[in-house]
Amino acid sequence: MKWDDLANEPCSVARTVAVIGDRWTLMILREVFLGIRRFEDFQARLGISRTITAERLKALVDEGVLKKVAYQDRPLRHEYRLTDKGLDLYPVIMAIVNFGDRHYAGEAG
């Protein structure tokens, strides 16, 4: 099975992984739950390229996990906010945090 085919699978896990299974998407979601909303802040905090940041944010907006909300008119600027669908991911992200804390935190974590 190819990565692009996951969205078409009859399995809910496969379809969900197609949306949030990318490492940068999960890191963006972590940042959103920490209160980060603006493109430049995602990019700076994660240290990823503008292209990757833009692609992952667009995918989350297209899937209805995030919505773009204008916060400035001149020049037009947007921030990203969780939708109800996105808020439903909170226990998922917290389960990953808990797992990481229990098994991978070590002295640095």
Side-chain angles (χ1 to χ4, degrees):
M1 174 183 328
K2 294 182 181 178
W3 180 257
D4 292 340
D5 295 337
L6 288 176
N8 299 319
E9 288 295 308
C11 170
S12 295
V13 172
R15 289 192 311 267
T16 301
V17 168
V19 176
I20 66 166
D22 173 81
R23 64 182 172 188
W24 293 122
T25 300
L26 283 171
M27 298 306 290
I28 286 172
L29 287 169
R30 177 196 70 183
E31 296 300 314
V32 172
F33 282 111
L34 290 173
I36 303 305
R37 293 183 174 170
R38 297 184 180 171
F39 182 94
E40 293 79 14
D41 295 333
F42 290 117
Q43 189 182 10
R45 288 175 61 106
L46 296 173
I48 56 179
S49 73
R50 293 183 66 79
T51 302
I52 290 172
T53 305
E55 288 173 355
R56 297 322 186 273
L57 287 169
K58 182 182 181 321
L60 289 168
V61 169
D62 289 349
E63 286 293 329
V65 173
L66 298 176
K67 62 182 174 183
K68 282 174 69 170
V69 178
Y71 69 87
Q72 178 179 307
D73 289 328
R74 292 184 185 203
L76 182 60
R77 298 205 187 265
H78 294 91
E79 62 184 19
Y80 296 86
R81 295 189 184 170
L82 288 159
T83 62
D84 288 340
K85 184 178 183 179
L87 287 169
D88 284 345
L89 287 168
Y90 184 75
V92 175
I93 299 300
M94 292 312 298
I96 293 170
V97 169
N98 183 54
F99 180 85
D101 286 351
R102 290 186 69 198
H103 299 286
Y104 294 106
E107 291 180 22

Does anything in residues 46-56 pair up under salt bridge (charged side-chain N to carboxylate O under 4.0 Å, His left out), and if so which pairs, sequence neighbours excluded? Asp22-Arg56
Working to the nearest 0.5 Å, report the span between CG of Leu57 and CD of Gln43. 10.0 Å
Find the distance between CG (Leu82) and CG (Leu66) and round it off to the nearest 0.5 Å. 5.5 Å
Among the clusters formed by ILVMFWY side chains lying less than 4.5 Å apart, do Leu6 and Trp24 turn up in the same one? no
Supply the atom-to-atom distance Ile20 CD1 to Ile28 CD1, rounded to the nearest 0.5 angstrom. 12.5 Å
Restricting to non-hydrogen atoms, name the atom on Phe33 and the atom on Ile93 that form the minimum distance, rounded to 0.1 Å. CE1-CG1, 3.8 Å
The test is side chain to side chain contact (heavy atoms under 4.5 Å, CB included); show your working for Val32 and Met27 and say whether it passes. CA-CA 9 Å; Val32 172; Met27 298 306 290; over 6 Å; no
May I ask you to check whether over 12 heavy atoms, not counting those of Asp84, lie within 6.0 Å of atom CG? no
Here the pair of heavy atoms bringing Thr25 nearest to Val19 is CG2-O, 3.6 Å
Would you call the rings of Phe42 and Tyr80 parallel, tilted or perpendicular if under 30° counts as parallel and over 60° as perpendicular? perpendicular
Can we say Asp41 and Arg37 salt-bridge, meaning some charged N sits less than 4.0 Å from an Asp/Glu carboxylate O? no
Decide whether Val92 and Val17 are clustered together by the hydrophobic rule: side chain heavy atoms of Ile, Leu, Val, Met, Phe, Trp, Tyr closer than 4.5 Å, transitively. no
With rounding to the nearest 0.5 Å, note down the distance linking CG in Asp101 to CD1 in Ile96. 12.0 Å
Please give me the minimum heavy-atom distance between Ala7 and Ala18, naming the atom from each residue. N-CB, 3.6 Å
Under 3.5 Å, side chain of Arg45 to main-chain N/O of Glu31, donor-acceptor pair present? no
Just how far is it from atom CG of Leu60 to atom NZ of Lys67, taken to the nearest 0.5 Å? 14.5 Å
With a 6.0 Å cut-off (strictly less than), is the heavy-atom count around OH of Tyr90, excluding the residue itself, greater than 12? no
For Arg77 and Glu40 the tightest heavy-atom approach is NH1-OE2, 4.1 Å
Measure from the side-chain N and O atoms of Lys68 to the backbone N and O of Arg81, and report whether any donor-acceptor pair falls under 3.5 Å. no
Check: Gln72 and Arg74 side chains under 4.5 Å, non-hydrogen atoms: no
Would you check if the side chain of Thr83 reaches a backbone N or O of Gly64 as a donor-acceptor pair within less than 3.5 Å? yes
Between Tyr71 and His78, the two heavy atoms sitting closest are CE2-O, 3.2 Å
